Amino acid sequence: MVRFKALRDPRDNPLFQEIWNVVAAIPRGQVSTYGSVARAAGLPGRARLVGRALRESPKEMMLPWHRVVGAGGRIVLPPAEPGRREQIRRLRAEKVLVREGRIGRSFMIDLE
DNA sequence: GAACTGACTGTAA
DNA sequence: ATTACAGCCAGTT
């Protein structure tokens, strides 16, 4: 029985699904980190996987991906990525302070 | 299946 | 505060 794997669909990845669940639960106006999301999803040490999961997330899912930043509140998304500006724009739209590629501490939440 | 690639992190200078 | 870099590890080539 040959099994088709169509185009590897990120939605079939259970790890991605866990990550998306966690991200979806971040409240508006608050921000968490890749590492924190990973731990909350039961995937300690896999911060990079979180980044990948967000990149691969279907648009129609409307995940609040912009509420995830690097350790210490730094925006890690490379300048080459058009998404970087978009992230900052969306954060500010939720009244999150973004200055010099950083977000204010008071907006950080701990998911653990 | 080895090599490469990061939307990462912590440490060190 | 900044920069550099090794360690990290699943997904892609």
Side-chain angles (χ1 to χ4, degrees):
Chain A
M1 196 43 165
V2 182
R3 211 172 326 155
F4 268 78
K5 200 181 284 183
L7 283 89
R8 288 183 295 292
D9 190 341
R11 279 169 290 200
D12 295 334
N13 187 327
L15 298 183
F16 284 5
Q17 293 172 4
E18 271 308 305
I19 291 166
W20 291 335
N21 279 338
V22 173
V23 173
I26 303 175
R28 177 187 173 80
Q30 303 212 269
V31 178
S32 191
T33 68
Y34 295 94
S36 182
V37 168
R39 287 190 295 276
L43 305 166
R46 284 171 248 196
R48 294 186 110 146
L49 185 62
V50 172
R52 191 180 302 275
L54 294 185
R55 165 179 289 257
E56 303 295 328
S57 72
K59 241 202 249 148
E60 61 269 26
M61 196 174 280
M62 291 192 297
L63 221 57
W65 56 268
H66 56 283
R67 312 215 263 246
V68 183
V69 300
R74 300 213 32 182
I75 294 189
V76 185
L77 209 142
E81 287 288 341
R84 184 185 177 94
R85 280 190 178 182
E86 176 66 10
Q87 178 171 30
I88 294 174
R89 192 182 66 72
R90 289 195 189 192
L91 287 173
R92 286 181 173 151
E94 311 188 344
K95 303 288 183 268
V96 174
L97 171 65
V98 186
R99 201 180 42 183
E100 304 286 317
R102 300 267 189 96
I103 62 132
R105 283 183 171 186
S106 49
F107 300 97
M108 290 275 288
I109 59 168
D110 200 352
L111 298 172
E112 286 117 294

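Side chains are part of it too, since the values below use all heavy atoms of this structure and drop only hydrogens, waters and symmetry mates. Proteins come first, then strands; the chains are lettered A, B, ... in the order of their sequence lines, and each starts at number 1. Just so you know, these numbers come straight off a predicted model, no measurement behind them.
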Query raised in the report: For C:dA10, does OP1 or OP2 lie under 4.0 Å from any side-chain N or O of A:N13?
Result: no
How close or far is atom [atom2] of [N] from atom [atom1] of [X], stated in whole angstroms?
X      : N      : atom1 : atom2 : value
A:R74  : C:dT3  : CZ    : C1'   : 10 Å
A:L15  : C:dT12 : CG    : P     : 12 Å
A:I88  : B:dA7  : CD1   : C1'   : 13 Å
A:E100 : C:dA1  : CD    : P     : 11 Å
A:I19  : C:dA10 : CD1   : C1'   : 10 Å
A:E56  : C:dT12 : CD    : C1'   : 10 Å
A:R52  : C:dT12 : CZ    : P     : 6 Å
A:R39  : C:dC8  : CZ    : C1'   : 14 Å

With rounding to the nearest 0.5 Å, note down the distance linking [atom1] in [X] to [atom2] in [Y].
X      : Y     : atom1 : atom2 : answer
A:D110 : A:R39 : CG    : CZ    : 7.0 Å
A:R84  : A:R89 : CZ    : CZ    : 15.5 Å
A:N13  : A:L49 : CG    : CG    : 7.0 Å

So which nucleotide from [options] ends up closest to the side chain of [X]?
X      : options               : result
A:R46  : B:dA7, B:dT9, C:dC9   : C:dC9
A:R55  : B:dG10, B:dA7, C:dA10 : B:dA7
A:R102 : B:dC8, B:dA7, C:dT2   : C:dT2

**Report entry** Salt bridge flag under 4.0 Å for residues A:R67 and A:E94
**Finding:** yes
Query raised in the report: Does A:R90 come within less than 4.0 Å of A:E86, counting only side-chain N to carboxylate O?
Result: yes
**Report entry** Presence of donor-acceptor pair under 3.5 Å, side chain of A:R48 and base of C:dC9
**Finding:** no
Report summary line: In Watson-Crick or G-U wobble terms, with both distances under 3.5 Å, the base opposite B:dA12 is C:dT3
